[in-house]
Amino acid sequence: MASPATAHTVVRSPLDVRVPTEDGRPLDALRFDLAGPPDLTRVVADHLRRLGARAQHVDTGDTGDTSDDADAGEIALGGAGFAPVTARTAWGARGSGIEDEATAQAATGVMAVHGRRHGAPRGLGVDLLATATGVLTVQGLLAGLVGQARGGPAPRVGTTADRAGLLAVSQYLAAAGADEPEAVEPAPGGPPFTSSDGVLFELETLDPGDWAAFWRALDAPADAIRAGWRPFQFRYATACAPFPVALHEVTRGRTWEHVRQAAAVSGAEVCRLRTLAERAGEDDGAAPWTLTTLGAGVTATAGPPPAGRPLSGLTVLEAGRRIQAPLAAHLLGLLGARVIRVEPPGGDPLRGMPPACDGVSARWLALNRGKEAVEIDIKSPDGRRALRALASDADVFLHNWAPGKAAALELDAEHLAAANPALVYAYTGGWADRIDGAPMGTDFMVQARTGVGEAVHPADEPPVPSLMTLLDVLGGLHGTEAVLAGLLLRERTGHGVRVDSSLLGAADTLLAPALRRAALGEDPRRPGGFRHPLRTSDGWIAPSDASAPASAAYDVRGMCTEDALDQLRSHGLTATPVTTDLSGLHHDPRLSGPIGRDAHGAPAVPDPWSFA
């Protein structure tokens, strides 16, 4: 297996950017210029600063510009031996009608997926797509610097919120284009549950035995326990969970203390929904990732410049499950890396998860297409030796195992660095050891514990964590960002690097504006009715955030969608149709990139960046 990083060398181009840097700050001595709307550039500026870059010029004010580029962000990052890498970030293609968070959510299907548990499209109260676009922009800048350090050109990177939206719904889009129906028919319903003393809580377990034991401890009907498991198990895949009503009735008849006792004796876990004010009160301001150099320096040798994409010639070894780590590795593959996926004997069981395309799970393909695979039993000594051998020839090892598992198997950073001191060791976890007594680190539990459930709904609705996997997706994006920062730090220091990212870090990035309002004593939630699309006779339309207050005065229920849009536009208001059938995205002229098909016939969304 060939790779430019072996146990003793880092392949380096004639461009030598190795300089002393502060531990974990790969952008030390670099500077950036930034201009554009704060919604699109907030995360970019924050993350570049946290990675060590200094701002030369930042302009996020209203310049009065009414040109086509007025709502786009422009970033240039360079210095310390690097030619400037530039990036342009926008909501969507010019003239598409995608002009802000609300219209981007509407066009890309995010409103449809988030609204499944409610039975109708709903907008997220948080700026998921602006946040994701910001992280993707930083990824593009970092990838450009890594490629340049290895002998490639200084690229111009392009990102758009509509492509970020397609990435966010890619699993759901894949299922919509599969050869068979979902394992559970999507229908309204889902957590949280409510105790008799009014506590809203989330429930989590990955084991059907623990699920049954929890409900038996609460004296739930046996038929409801059986009927509830499958929609609960697949809720992250379908974004809804039509449980039997009896299960909600059972918890409403039990106190919170009784519920906690049932969880303690069953092995299931419960978490009270926290408020944004509570999260703001404990927020430590930590970065969403940490980077730590490992071991002694590594001898540098010159090598040929990479061909094609920025990570061409690099190898990523991924031992991921579910969404977070597989998505992070998927993005590294799109950037040009060779990705080798470590699966248990018999292969990843999620390959068979319905619905399928050509016999392979469509949802699995959305995150894992194009990867190589090797089966290894990491519980056996021989398997662990095989994994160490693979890691010795890799540039990146990435996993999201349960906390403590890597150390117990002697597959943690210090163990693999002994075989490959040039390795970037990446862990994408749940809590980053920042929350005492934290529950299981899954998407929905982190949403509950951090106040995301409150933030995603406006003030006139009860707090409910979204059943769209917001944090798994955003956590995967943070994982890719951390790996790219680690690769750049390796180029600049000659050391291997450990990088850690988490769902908690993703939540903090997503919630930053709301937490800031809460810390100032302001209402952190959006006002009632925020991002509620308007019903038409044949569908739904979503006004832009700026047009929404005035649009609410118009009753368009008796109009077809086109007439409703004309009505609003005649009054100077902007809106766009809401995508309710994800399969229609294949032919949507609003999108800035085409949706294709992979070798199995599964839908494949366009790359989230362009490089020129």
Side-chain angles (χ1 to χ4, degrees), residues 1-13 139-140 142-152 155 298 301 303-321 324-343 347-348 351 360 364-376 378 386-400 411 416-417 419-428 476-477 479-491 496-497 499 598-600 604 607-609 611:
M1 183 182 304
S3 170
T6 70
H8 304 293
T9 63
V10 174
V11 166
R12 181 173 304 284
S13 74
Q139 289 176 11
L142 291 171
L145 293 174
V146 172
Q148 187 182 159
R150 301 175 58 235
V298 184
T301 60
R309 292 170 290 177
L311 302 190
S312 294
L314 300 184
T315 297
V316 175
L317 184 63
E318 175 226 324
R321 57 180 185 170
Q324 187 183 8
L327 174 58
H330 173 67
L331 293 173
L332 294 170
L334 294 180
L335 288 166
R338 175 191 184 193
V339 180
I340 303 172
R341 181 170 165 77
V342 177
E343 299 187 3
D348 185 349
R351 287 176 179 266
V360 182
W364 187 90
L365 286 168
L367 300 177
N368 297 292
R369 67 170 56 91
K371 299 177 183 178
E372 301 172 38
V374 58
E375 295 181 12
I376 295 177
I378 61 173
L387 191 145
R388 292 189 193 100
L390 287 173
S392 70
D393 280 332
D395 297 279
V396 177
F397 175 66
L398 168 68
H399 73 91
N400 64 338
L411 296 173
L416 297 189
N420 182 357
L423 187 69
V424 173
Y425 183 101
Y427 178 53
T428 59
L477 297 185
T480 305
E481 184 183 33
V483 168
L484 290 166
L487 287 168
L488 182 60
L489 189 61
R490 183 183 77 167
E491 289 291 334
V497 183
V499 302
D598 66 14
H600 295 273
D607 288 2
W609 338 259
F611 290 92

Rounded to the nearest 0.5 Å, what's the gap from [atom1] on [X] to [atom2] on [Y]? Could you check?
{"X": "Gln324", "Y": "Asn400", "atom1": "CD", "atom2": "CG", "answer": "5.5 Å"}
{"X": "Leu335", "Y": "Trp609", "atom1": "CG", "atom2": "CH2", "answer": "3.5 Å"}
{"X": "Leu477", "Y": "Thr428", "atom1": "CG", "atom2": "OG1", "answer": "11.5 Å"}
{"X": "Tyr425", "Y": "Leu398", "atom1": "OH", "atom2": "CG", "answer": "10.0 Å"}
{"X": "Glu318", "Y": "Leu332", "atom1": "CD", "atom2": "CG", "answer": "9.5 Å"}

Just by modelled atom types, is the [Y] backbone N or O under 3.5 Å from a matching donor or acceptor in the [X] side chain?
{"X": "Lys371", "Y": "Pro326", "result": "yes"}
{"X": "Glu491", "Y": "Val146", "result": "no"}
{"X": "Arg369", "Y": "Ala599", "result": "no"}
{"X": "Arg309", "Y": "Gly147", "result": "no"}
{"X": "Arg490", "Y": "Ala422", "result": "yes"}

Item to check | Result of checking Leu416, Leu390, Asn420, Thr315 against Phe397 for side chain to side chain contact (heavy atoms under 4.5 Å, CB included) | outcome: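 Between Phe397 and the candidates, side chain to side chain contact (heavy atoms under 4.5 Å, CB included) is satisfied uniquely by Leu416.
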
Next on the checklist: Name the residue from Leu142, Val396, Leu145 that meets the side chain to side chain contact (heavy atoms under 4.5 Å, CB included) definition with Leu487.
Outcome noted: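 In the set Leu142, Val396, Leu145, the residue that makes a side chain to side chain contact (heavy atoms under 4.5 Å, CB included) with Leu487 is Val396.
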
Would you name the heavy atoms of [X] and [Y] that are closest together and state the gap between them?
{"X": "Val499", "Y": "Ala482", "answer": "CG1-O, 3.5 Å"}
{"X": "Ala325", "Y": "Gly320", "answer": "CB-CA, 3.8 Å"}
{"X": "Ala394", "Y": "Leu423", "answer": "O-CD1, 3.7 Å"}
{"X": "Gly140", "Y": "Phe611", "answer": "O-CE2, 3.9 Å"}
{"X": "Ala373", "Y": "Glu343", "answer": "CB-OE2, 4.1 Å"}
{"X": "Gly479", "Y": "Ala328", "answer": "C-CB, 4.1 Å"}

Heavy-atom side-chain contact between [X] and [Y] under 4.5 Å:
{"X": "Val483", "Y": "Val316", "result": "no"}
{"X": "Asn368", "Y": "His330", "result": "no"}
{"X": "Leu484", "Y": "Leu311", "result": "yes"}
{"X": "Val424", "Y": "Asp395", "result": "no"}

Item to check | CA sep, side-chain torsions, deciding dist, call: Arg341, Asp348, side-chain contact (heavy atoms from CB on, under 4.5 Å) | outcome: CA-CA 10 Å; Arg341 181 170 165 77; Asp348 185 349; 2.4 Å; yes

